[in-house]
Amino acid sequence: MQRIRSAYCVDLNRTVSVGEARMAYFSMDPRPKKFHYLCSHPACQAKGVRIVGANVHKLAKDERYYATPYFRTHPGDLHVAGCPWLGDEEPVKQREGESETDFLQRQARAKLTDFIGLFDPGDNEQGEGGEVSSVAQGANLAGGLSQAHAGASGASRQPGHSQTKLLDRLVDTFEESRHLLTREERARLTIQVKGEGTVPLLSYFWHIARCYPGLRNRVIYGGAHLKSYREGFRLTFIDKMDAPDGEGACNVVLYIAPQRMREYRYRGYIQEVIRRDPPYIKVFALGKMTFNPEWRVMEVYIDSLNHLALRSPQ
């Protein structure tokens, strides 16, 4: 069976990616016991072909056995002819004319549940929320971003590599690859980033220990301690940085104001992580770093809460 990369959520009345389904589920109030899904293909929907969302109702955690969410067909249900999710995935074999580098990368990608091959960190038309619930075909990825975005609405029903505006989903790929792939396999993975082109996955993520003042447009990550402020919160990274004033190390902090949280579409997902008051949180933030000389702290700024992902050990 083809990997199912999007499904129609009956509760949300729209087609969603598995990552968007997880964030939407934890942001619902009241929260249902579970979401119900049908196949995204219209003919399958009419027939009532059910889809199961595995690990969708679990928070993403920082743990050894990474439980990546995924869709699968409900046992006993059959897709109709013409459905893009019908049929088995072909074994990964080297294609005629394909370079050894491209083949090995394709082989590594195939080991992951839902490889995010296309990341769009730009402004979201829906403001602080929303997901491009689309899947870019392999040919579109090879051809660039413009083709993938041009076919966004139709591409969501096609097999291939997923694309997203949500950093949380790209972090799923990054973290799952850390647990399932060898160091050599991870080094082969590349993604398409809108505005940049092809970027090695590992070079897009910078551990806080490697970061420097002025770093921007890269995912900064590391362990942090949490302090809540009503609906907002402050994250102080465990690792410190050398301050540019030459007076030694300083703290690195990321602050999210209560008003910003109230306006975020998926605030319930973030609040669920914070509510559990974990001893530490693994933070992923796509933004920029600026030194505040008055407080002697390095401040991390993000343009959108779509550019923040949290992983709790609990």
*Should R276 and E272 be marked as a salt bridge (charged side-chain N to carboxylate O under 4.0 Å, His left out) after you check the CA-CA gap, both sets of side-chain angles, and the distance that decides it?*
CA-CA 7 Å; R276 302 187 181 198; E272 183 68 21; 3.1 Å; yes
*asked:* Less than 4.5 Å apart, side chain to side chain, heavy atoms only: is that true for P121 and K194?
replied: yes
*Check whether the ring centres of Y8 and Y37 lie less than 6.0 Å apart, and answer yes or no.*
no
*Okay, side chain of H57, backbone of R22: is any donor-acceptor separation there less than 3.5 Å?*
no
*For I238 and H225, run side chain to side chain contact (heavy atoms under 4.5 Å, CB included): C-alpha distance rounded to whole Å, both residues' side-chain angles, the deciding distance at 0.1 Å, then the answer.*
CA-CA 7 Å; I238 297 171; H225 296 302; 3.7 Å; yes
_Aromatic plane relationship, F35 with Y25 - under 30° parallel, 30 to 60° tilted, over 60° perpendicular_ = perpendicular
*Between the side chain of N55 and the main-chain N/O of K58, is any donor-acceptor distance below 3.5 Å?*
no
*Carefully, step by step, assess L38 and V49 under the rule side chain to side chain contact (heavy atoms under 4.5 Å, CB included).*
CA-CA 6 Å; L38 296 173; V49 176; over 6 Å; no
*Looking at side-chain heavy atoms only, is the closest gap between L308 and L310 below 4.5 Å?*
yes
*Just by distance, do the side chain of T113 and the backbone of Y70 share a donor-acceptor pair under 3.5 Å?*
no
_Which atom of F71 lies closest to which atom of R5, heavy atoms considered_ = CD1-C, 4.3 Å
*Are side-chain heavy atoms of F284 and I220 found at a separation under 4.5 Å?*
no
*How close do M261 and Q271 get, heavy atom to heavy atom, and via which atoms?*
CE-CG, 3.5 Å
*Just wondering, are more than 12 heavy atoms of other shown residues or ligands nearer than 6.0 Å to NZ in K288?*
no
*Kindly compute the distance separating CG (L202) from CZ (F174), expressed to the nearest 0.5 Å.*
6.0 Å
*Do the non-hydrogen side-chain atoms of W85 and S40 ever get within less than 4.5 Å of each other?*
yes
*asked:* Which heavy atom of A249 sits nearest to which heavy atom of R296, and what is that distance?
replied: O-NH1, 3.6 Å
*Count the heavy atoms of every other residue, nucleotide or ligand shown that sit under 6.0 Å from CZ of R216, and state whether that count exceeds 12.*
no
_Would you compute the distance between atom CZ of R218 and atom CZ of R210 and round it to the nearest 0.5 angstrom?_
10.0 Å
*Is a side-chain donor or acceptor of D11 paired with a backbone partner of H36 at a separation under 3.5 angstrom?*
yes
*What is the distance from atom NE2 of H79 to atom SG of C44, rounded to the nearest 0.5 Å?*
5.5 Å
*Does E175 come within less than 4.0 Å of K282, counting only side-chain N to carboxylate O?*
yes
_Check: Y301/E299 side-chain N/O donor and acceptor closer than 3.5 Å_ = yes
*asked:* Starting from V253, can I reach Y280 by hopping between I/L/V/M/F/W/Y residues whose side chains sit under 4.5 Å apart?
replied: no
*Can you find a heavy atom in the side chain of L86 that is under 4.5 Å from one in the side chain of V80?*
no
*asked:* Measuring only between side-chain heavy atoms, which start at C-beta, is V300 closer than 4.5 Å to T290?
replied: no
_Can you give me the closest heavy-atom contact between S203 and V199, atom names plus distance?_
OG-CG1, 3.7 Å
*So, E176 side chain and L180 main chain: donor-acceptor pair closer than 3.5 Å or not?*
no
_Over all atoms of both residues, closest heavy-atom pair of H41 and P84_ = ND1-CD, 3.9 Å
_Option among N306, L286, L305 that satisfies the side chain to side chain contact (heavy atoms under 4.5 Å, CB included) test with L167_ = L286
*asked:* For H207 and Y221, take the angle between the two ring planes, folded into 0 to 90°, and tell me which bin it lands in: parallel under 30, tilted 30 to 60, perpendicular over 60.
replied: perpendicular
*To the nearest 0.5 Å, how far apart are CG in L254 and CG in L226?*
11.5 Å
_Checking side-chain polar atoms at under 3.5 Å, does D114 have a donor or acceptor matched by the opposite partner on S162?_
yes
*Same apolar cluster (I L V M F W Y, side chains within < 4.5 Å links), V16/V10*: no
*Rounded distance (nearest 0.5 Å) linking atom SG of C211 with atom CG of D242*: 12.5 Å
*With no hydrogens and no angle check, is any side-chain donor or acceptor of R260 less than 3.5 Å from a backbone partner on A257?*
no
*Transitively linked via ILVMFWY side-chain contacts under 4.5 Å: F237 with Y255?*
no
*asked:* Using only atom types and a distance under 3.5 Å, with no angle test, would you say the side chain of E196 pairs donor to acceptor with the backbone of V193?
replied: no
*Check for a donor-acceptor pair, side chain of R169 on one end and backbone N or O of S17 on the other, with a separation under 3.5 Å.*
no
*Is the backbone of F233 close enough, under 3.5 Å, to the side chain of S228 for a donor and an acceptor to pair up by distance?*
no
_Let me confirm one number: the OG1-CD1 distance from T198 to I191, rounded to the nearest 0.5 Å._
9.5 Å
*Report yes or no: is the cationic atom of R106 (NZ for Lys, CZ for Arg) closer than 6.0 Å to the six-membered ring centre of F115, at no more than 45° off its axis?*
no
*Any salt bridge between K165 and E20, counting N to O under 4.0 Å?*
no
*Ignoring hydrogens and geometry, is there a side-chain-to-backbone donor-acceptor pair from R109 to T190 under 3.5 Å?*
yes
*Verdict with supporting geometry, S177 and L112, side chain to side chain contact (heavy atoms under 4.5 Å, CB included)*: CA-CA 7 Å; S177 71; L112 303 179; 4.2 Å; yes
*Shared hydrophobic cluster, L12 / V52 (ILVMFWY, side-chain heavy atoms < 4.5 Å)*: no
*If we only count heavy atoms from C-beta on, is the T73 to I51 side-chain gap below 4.5 Å?*
yes
*asked:* Other residues, nucleotides and ligands only: do more than 12 of their heavy atoms fall within 6.0 Å of CZ on R234?
replied: no
*Write down the atom of V171, the atom of R311, and the distance for their closest heavy-atom approach.*
CG1-NH2, 3.6 Å
_Path from I208 to V297 over hydrophobic side-chain contacts below 4.5 Å_ = no
